[in-house]
Amino acid sequence: MDTVQQFDLPDSSGDGRVLDVVRRCWGFDRLRPLQGEAIGAALAGRDSLVVLPTGGGKSLCYQVPPLVSGGTDVVVSPLISLMKDQVDGLTGVGYAAAALHGNVSEGHRRDIERELADGEHRLLFVAPERLFQAGFLDQLSRIDVRRFVIDEAHCISHWGHDFRPEYRKLAVLRKRFPRASVHAFTATATARVRDDIVEQLRLREPAVLVGRFDRPNLVYRVIHLVDRRQQTLEVLRRHRGEAAIVYCLSRKDTESMARFLQDAGLRAAHYHAGMERAERRSTQDAFAQERLDVVAATVAFGMGIDRSNVRCVLHSCMPQSVEHYQQETGRAGRDGLEAECVLLYSAADMIRWESLIRKSAERAKEPEEVVAARQHHLRQMQRYASMITCRHKLLSEHFGQAYESADCGACDVCLGEVEGVDEATVIAKKILSCVFRVGQRFGVGHVADVLLGADTEMIRRCRHQGLSTYGLLKDHGKREVQSWIYQLLDQDALSRTEGDRPVLRLNDRSWAVMRDEAPIRLLRPKKGARRPSRHEEQSWEGVDGDLFERLRVWRRAVAGERGVPAFVIFPDTTLRALAAARPTDLDALGEVYGIGEKKLMDFGEVLIKLIGEYLGEREATDDMAADLEPR
Ligand code: ADP
Ligand code: ZN
């Protein structure tokens, strides 16, 4: 269940005024979990803290109240690019909103100020630094501000992962506007951050609304790393023409990964904080307007992206905490449609992180408890990656929420994509003796080659064909054998030296395995086709895939012409609903999910024409096909 604490206000999900604006503006039939309560609190003028995962629908919670009550609510938001997208999106549905920040020209600013004085806008977005510029709060006190909304409110807490000191000043709002209510929104769930937000913003008996952290539309998969680029490409091939983010550890990695993917024919680019600002912006725009499918990025690529139809988030390297992982994968499937989150996992990444943590601790003279906390986060992440337990369950429980279902239908474990290998101990012993036979002087690649009975330059030079372990695993694939070696490293049944050319070494546990004193488990991907998740099957039910593609092409063109993100025109959910309903007149079109009054006016005719033409062509080809069939 979603938790609703200290909260006795009526929920507004049955409130006619609320449902009416939601339907007219956005074309949605009902509210999502906790939206009703959040809107109810805002309308009642009660402070609130709303914690919903990314994609949970936080924006609607603060967009609706001023439409119902009148007045101009102020949204404090940390990112200019997000504000711009939000205003574009709202304008697109006929909602009066504006943004004030450093990039707004003098003339435009004066226009907005006049419009505000005339009460024309329902929402005003401002950057925190703008809020505290001389005279600005005075200006606000002359207009009808009933609510302050603090978006990304975790930025106020140094326990969060994105502390911004200027957020601390927001406490002033309480004093300056005693009659306005304050509403904090965040996707960060830890109790410590939550308490900090309430305290720092001086919230008064806030309604605390905490949503479910599980994202049922995401499929989680963990793949044992063998070949970073090749495995990445294999995953991305499942998402041809769809949006994907590939997270890499270093700036250099993003560049080489993007080049590799381009060479493989994908529309890919790299992104990191070391790029020129203009270059970063143009990559973001290309991605938002669907001129680009794949971005290979460092974690710097995050908050600024607002593409709701990211279908794949792939971590080519292990993130440093489950919190980071949840946040980064949160960028997948924000529209609620199916999306895949893949983690390429290797014990070597673990070692890399540990040494990074040690180095940064030495450099910055960090206190012991900070280092210990980082190491704890890292181990939690490793636990997630190496356990063979439902991944939805692990993630939910990590965030303190029970997960009831025994089969999520949306992770590699529950979908039965991995299986244990029979005789794992026998295989492990073969690998360990081979490490011993080559004198504990070689790395993963060579040991695998010897076991596979390969004929390489190195094997000939070292005369390793003569070893008793040569060809012992020749009935298996190279990737499989390498993966098992990594799995042994992971279970600490084998060690690896540090440095550029790490070599495999036996340790105490290796000898215990040899003596049958320590159990070993080895996994392999199960043969056979990958099953779609339950969610994926359902979301494509009745959808005409060709028409969906045609609508996407149209949307890309319109977004490009207008210079706005594609989702501002329509999200994928609406395109799929259109491709399922295939409406041929305006009345039927108006009934489709996500088509509000303004969209109907703006795009109604064009869509009817496009769908009509498509259906006409379809009929013609069906006829032809029927004629070609043998009688
Ligand atoms: P968040 O800010 O929490 O990450 P958003 O506000 O961006 O999430 O919402 C995610 C998506 O869900 C958007 O495409 C939004 O239009 C859609 N959405 C929000 N509320 C509803 C609703 N009640 N019914 C249908 N779709 C909704
Ligand atoms: Zn599962």
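Numbering starts at 1 and runs along the sequence shown. These numbers come from a predicted model, not from an experiment. We count ligands from 1, going down the list as the structure has it; atoms in each ligand are counted the same way.
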Inset, instruction - Just let me know how R334 lines up against ligand 1, side chain, backbone, both or neither, with a heavy-atom cut-off below 4.0 Å. - result: both
Legend entry - Sub-4.0 Å protein heavy atom near atom 13 (C) of ligand 1: no
Inset, instruction - Could you establish whether G56 and ligand 1 come within less than 4.0 Å of each other, counting only heavy atoms on the residue side? - result: yes
Inset, instruction - Take the angle between the ring planes of F301 and Y271 and call it parallel below 30°, perpendicular above 60°, tilted in between. - result: tilted
Legend entry - S396 versus H398, side-chain donor and acceptor atoms under 3.5 Å: no
Inset, instruction - Output yes when a protein non-hydrogen atom is found under 4.0 Å of atom 1 (P) of ligand 1, and no otherwise. - result: yes
Legend entry - Atoms of ligand 1, numbered as shown, that sit under 4.0 Å from any heavy atom of R30: 22 (C), 23 (N), 24 (N)
Inset, instruction - Starting from atom 16 (O) of ligand 1, find the nearest protein heavy-atom neighbour and note its residue, name and distance. - result: F28 CZ, 3.4 Å
Inset, instruction - For ring-ring contact (aromatic ring centres under 6.0 Å, His included), just list the numbers for H315 and Y247, CA-CA rounded to whole Å, side-chain angles, deciding distance to a tenth of an Å, and then say yes or no. - result: CA-CA 5 Å; H315 281 77; Y247 281 112; 5.2 Å; yes
Legend entry - Metal-centred angle, the Zn ion (ligand 2) as apex - SG of C408, SG of C390, 10° resolution: 110°
Inset, instruction - Look at ligand 1 and say whether P53 reaches it with a heavy atom at a distance under 4.0 Å. - result: yes
Legend entry - L31: numbered ligand 1 atoms lying under 4.0 Å from its heavy atoms: 23 (N)
Legend entry - Nitrogen or oxygen of Y593 less than 3.5 angstrom from that of ligand 1: yes
Legend entry - Chi angles and distances behind the salt bridge (Lys or Arg N to Asp or Glu O under 4.0 Å) call for R221, D412: CA-CA 5 Å; R221 295 192 163 97; D412 51 355; over 6 Å; no
Legend entry - contact_flag D335 ligand 1 heavy-atom lt 4.0 Å: no
Legend entry - Sidechain-backbone polar pair: R146 side chain, T72 backbone, donor-acceptor under 3.5 Å: no
Legend entry - the Zn ion (ligand 2) reached by C414 (N, O or S, under 2.8 Å): yes
Inset, instruction - Identify the protein heavy atom lying closest to atom 17 (C) of ligand 1, giving its residue, its atom name and the separation to 0.1 Å. - result: R32 NH2, 3.6 Å
Legend entry - W26 ring center near Y593 ring center (under 6.0 Å): no
Legend entry - Nearest non-hydrogen protein atom, atom 20 (N) of ligand 1: Q35 NE2, 2.9 Å
Inset, instruction - Can you measure from CG (D293) to CG (L236) and round to the nearest 0.5 angstrom? - result: 9.5 Å
Inset, instruction - Please say which of V246, I223, V222, V219 ends up in a side-chain contact (heavy atoms from CB on, under 4.5 Å) with V342. - result: I223
Inset, instruction - Could you tell me the residue and atom name of the protein heavy atom closest to atom 4 (O) of ligand 1, and the distance to it rounded to 0.1 Å? - result: G55 N, 2.6 Å
Inset, instruction - Determine the sole option in F399, Y325, Y345 for which the ring pair (Phe, Tyr, Trp, His ring centres under 6.0 Å) test with Y384 is passed. - result: Y325
Inset, instruction - Report, in ascending order of atom number, the atoms of ligand 1 lying under 4.0 Å from any heavy atom of L60. - result: 20 (N), 23 (N)
Legend entry - Working for side-chain hydrogen bond (donor to acceptor under 3.5 Å, both in side chains), residues S539 and R576: CA-CA 8 Å; S539 76; R576 288 211 198 158; 3.1 Å; yes
Legend entry - For ligand 1, the portion of S308 having any non-hydrogen atom under 4.0 Å away: neither
Inset, instruction - Say whether G57, considering both its backbone and side-chain N or O atoms, lies within less than 3.5 Å of an N or O atom on ligand 1. - result: yes
Legend entry - T186 side chain reached by V193 side chain, heavy atoms, under 4.5 Å: no
Inset, instruction - Scan side-chain atoms only and decide if N309 and E290 contain a donor-acceptor pair under the 3.5 Å cut-off. - result: yes
Inset, instruction - Would you mind checking which non-hydrogen protein atom is closest to atom 6 (O) of ligand 1, with the distance to 0.1 Å? - result: S59 OG, 2.6 Å
